[in-house]
2 protein chains.
Amino acid sequence: MKPKIEDVAKVAGVSPTTVSRVLNNRGYIGESTRIKVHKAMEQLNYYPNEVARSLFIKKTFLIGLIFPTTSNPFYGQLIFHLENIAATLGYKVLLCNSQGREDKEKNYLNMLQRNQVDGIIAGAHNKGIEEYEMPNLPVVGVDRYLSSKIPVVSSDNYHGGKLATQLLVNKGCKNIIHINGPISLETPANLRRKAYEDIMRANQLTPLTYEIDDHFTIIKQLFEENPRVDGIFASDDLIASQVIREAKERNIDIPTDLKVIGYDGTETTRLLLPGLSTVQQPIKEIAEKAIELLVKQMDDKDDAIQLETIIPGKLIEGETTGG
Amino acid sequence: MKPKIEDVAKVAGVSPTTVSRVLNNRGYIGESTRIKVHKAMEQLNYYPNEVARSLFIKKTFLIGLIFPTTSNPFYGQLIFHLENIAATLGYKVLLCNSQGREDKEKNYLNMLQRNQVDGIIAGAHNKGIEEYEMPNLPVVGVDRYLSSKIPVVSSDNYHGGKLATQLLVNKGCKNIIHINGPISLETPANLRRKAYEDIMRANQLTPLTYEIDDHFTIIKQLFEENPRVDGIFASDDLIASQVIREAKERNIDIPTDLKVIGYDGTETTRLLLPGLSTVQQPIKEIAEKAIELLVKQMDDKDDAIQLETIIPGKLIEGETTGG
DNA sequence: AAAAACATGTCAACCGGTTGACATATGAAA
DNA sequence: TTTCATATGTCAACCGGTTGACATGTTTTT
């Protein structure tokens, strides 16, 4: 059996209370006893049972993360940072891959509450999950509006969309098409589209948006339907990459005949497609802010918190827009 | 305050024991009471406290995952599958990004034990962490030898290395160079190199291996030192991508003058670099096997378990080796 | 010499659920 | 009619650590 405080006490020749005092640095403890206790813990290979501790102090130092999938480089990188920052603050992270499925998301939400997490950071959201409105449980959304009361952190999507579209316009593109993720989501990322449309109109150009499907077949369709397209602003780098692929197959030269810009600029895409123009999201900063907002909610419950935090991204010009 | 069993009991007009019985489906419960109890739980928004439950049943249904970083597409995808499969079995996942740092890894190991995880799956390992030898705590390694007693799951790295090297040989390459990850790690992935060397020698060719550094500067050096290189087998796709980039900069045509093959074949690399030849790892199968082995250890403690599981990968021929 | 600070111990309640023992009551089967 | 399966209640111990109250020393300070 795993040793408990009582066993440590016996070996150290002190009382359980004293061991607990050493563990928590409370009250008076003599240096020699402290050493005795630590020796006993080492000898027994004792690890304090955090489950018992959590039960009593009513705090688990657990944060639930709900995102579509770590497989996606953007979420993978975001989650990496979230976990990292959480760890420096003494928090642990329960990972949930919702895969964009509402049923999974609800189950995870339920599970996290049963496991008494201290807070939740979510970037997965299927419209109309009112379950996020949980009294007494701090929640922060990342790039997703979860409810009117839940703070959201996101990059400056409007500005990013503007940067991307404007770049294509500046490069002389006339038939610029935007490819969106599923627009059913209530996400600030929709502002990228809004910006695209605004910039287009401001330049007397006609906006045209395609919504991506699971298997990127929409891209073929786009080329069929718009043979004169000369600029594509994809709402993420993976889509941009598929555009490039399709263009290659059609012998459309990038950037001469077609200019492409993506969105996200994750480490992975930077490594794998260094030539891709993109709008890089401030992933680390988003993570920092999200944790900060969550911890703030946990600490001073009813303090007013910023409902929307927007962090600027960065335009990266690559070969796909003509260098 | 959060409602507890007692509160539910009061609202439902039954005893706490009855509520617990409903919750756990134990003993005799009448249909009408079951309904009453469920209604009360719903009304109160009651979530059973898993922390209290875990304490008593001495099982948390938590699995610790220690990997370098979710930011890397391989680990991101692996972790996605691990979490997914774990979830279907009722297990939750505590995520740890060790970043290849020994100190972090040790801290995580410590943390996971304090949090009473039921098992650990680790793919991060700095040589000489004997801490993995934990009595009574099931551990499974993924692509890393953790200790002589801990089961490892990996793809068939020797076979993969052979496939990759043989392909380059078959395509007529004479000066084939291998680029490795840090070889200090005790990983089955080293077998890729072994296979490379064996195949080279079997074809009367001289093997030459470079070890990658953090910033890929070694790749420039490789080209400087070996102007006649005509084939490169990179031990992962990210490295392969850097090779391609460097080749482009030097106006070396791929695949005419240089053929390149990577390793991993993650979803992300398949999307971003569809043309890259690679050896695709059976990531999902690795995850499945790892969980299976872990759960087996948890269930029948002292049952003998397979110490090494090797799952075959798949060669994907792309344009970078000449189609 | 008295007061204050230091050091440790004993004891019990508590966190929220689980479980076994035991009691009681009802309706159905033998 | 007796027995048994069903249905629910009461009670208390337990999981492992925390904490406050209180007691009893020993040192330091004043």
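Chain letters run A, B, ... following the sequence lines, proteins first, then strands; residues in each count from 1.
Distance from the side chain of I57(B) is smallest to dT18(C) among dT10(C), dT8(C), dT18(C). With dT18(D), dG16(D), dG16(C) as the choices, the nucleotide that has an atom nearest any side-chain atom of A52(A) turns out to be dG16(D). Closest to the T18(A) side chain, of the nucleotides dT8(C), dT8(D), dC15(D), is dT8(C). Relative to the side chain of S20(A), the nucleotides dT19(C), dG9(D), dT19(D) differ in distance, and dT19(D) lies closest. Side-chain proximity of F56(B) to dC14(D), dG9(D), dT18(D): nearest is dC14(D).
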Could you write out each protein N or O paired with an N or O of nucleotides 22-28 of chain D at a distance under 3.5 Å?
none

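Backbone-only contact: V14(B) has heavy atoms under 4.0 Å from sugar-phosphate atoms and none from a base. T33(B) comes within 4.0 angstrom of sugar-phosphate atoms only, judged by non-hydrogen atoms across all strands, and of no base. Using a 4.0 Å heavy-atom distance criterion, V51(A) is classed as making no nucleic acid contact.
Phosphate contact (OP1/OP2 of dT19(D), side-chain N/O of R26(A), threshold under 4.0 Å): present. For the OP1/OP2 pair of dT18(D) and a distance below 4.0 Å, the side-chain nitrogens and oxygens of N24(A) include at least one atom meeting the criterion. Close to dC6(C), at under 4.0 Å from its OP1 or OP2, lies a side-chain N or O of Y28(A). At least one side-chain nitrogen or oxygen of K58(B) sits closer than 4.0 Å to the OP1 or OP2 atom of dG16(D).
Closest approach of A290(A) and V140(A) over heavy atoms only: O-CG2, 3.8 Å. Between L137(B) and V117(B) the shortest heavy-atom distance is CD1-O, 3.5 Å. Shortest non-hydrogen contact noted between S15(B) and A9(B) is C-CB, 3.7 Å.
The nearest whole Å value for the distance from the CG atom in N49(A) to the P atom in dG16(D) is 7 Å. Rounded to an integer number of Å, the gap from CD of E6(B) to P of dC11(D) is 13 Å. Separating the NZ atom of K4(B) from the C1' atom of dC15(C) is a distance of 8 Å, rounded to the nearest angstrom. Spacing between atom NZ of K59(B) and atom C1' of dT18(C) amounts to 17 Å, rounded to whole angstrom units. Separating the CG atom of L55(B) from the P atom of dT19(C) is a distance of 13 Å, rounded to the nearest angstrom. In this structure, L23(B) atom CG and dT19(C) atom P are separated by 11 Å, rounded to whole Å. Straight-line distance from the CD atom of E31(A) to the P atom of dA5(C): 21 Å, rounded to whole Å. Between the P atom of dG17(C) and the CG atom of N115(A) lies a distance of 13 Å, rounded to the nearest Å.
How far NZ of K284(A) is from NE2 of H81(A): 5.5 Å, rounded to the nearest 0.5 Å. Separating the CD1 atom in I286(B) from the CG atom in L78(B) is a distance of 6.5 Å, to the nearest 0.5 Å.
Remark: K106(A) engages E102(A) in a salt bridge, criterion side-chain N to carboxylate O under 4.0 Å. Using a 4.0 Å cut-off between charged nitrogen and carboxylate oxygen, K296(A) and E292(A) count as a salt-bridge pair.
When each of Y108(B), F74(B), Y75(B), F80(B) is tested with F67(B) by the rule ring pair (Phe, Tyr, Trp, His ring centres under 6.0 Å), just one qualifies, namely Y75(B).
Projected onto DNA chain C by closest heavy-atom contact, S15(A) and T17(B) fall at different nucleotides, the more 5' of which corresponds to S15(A).
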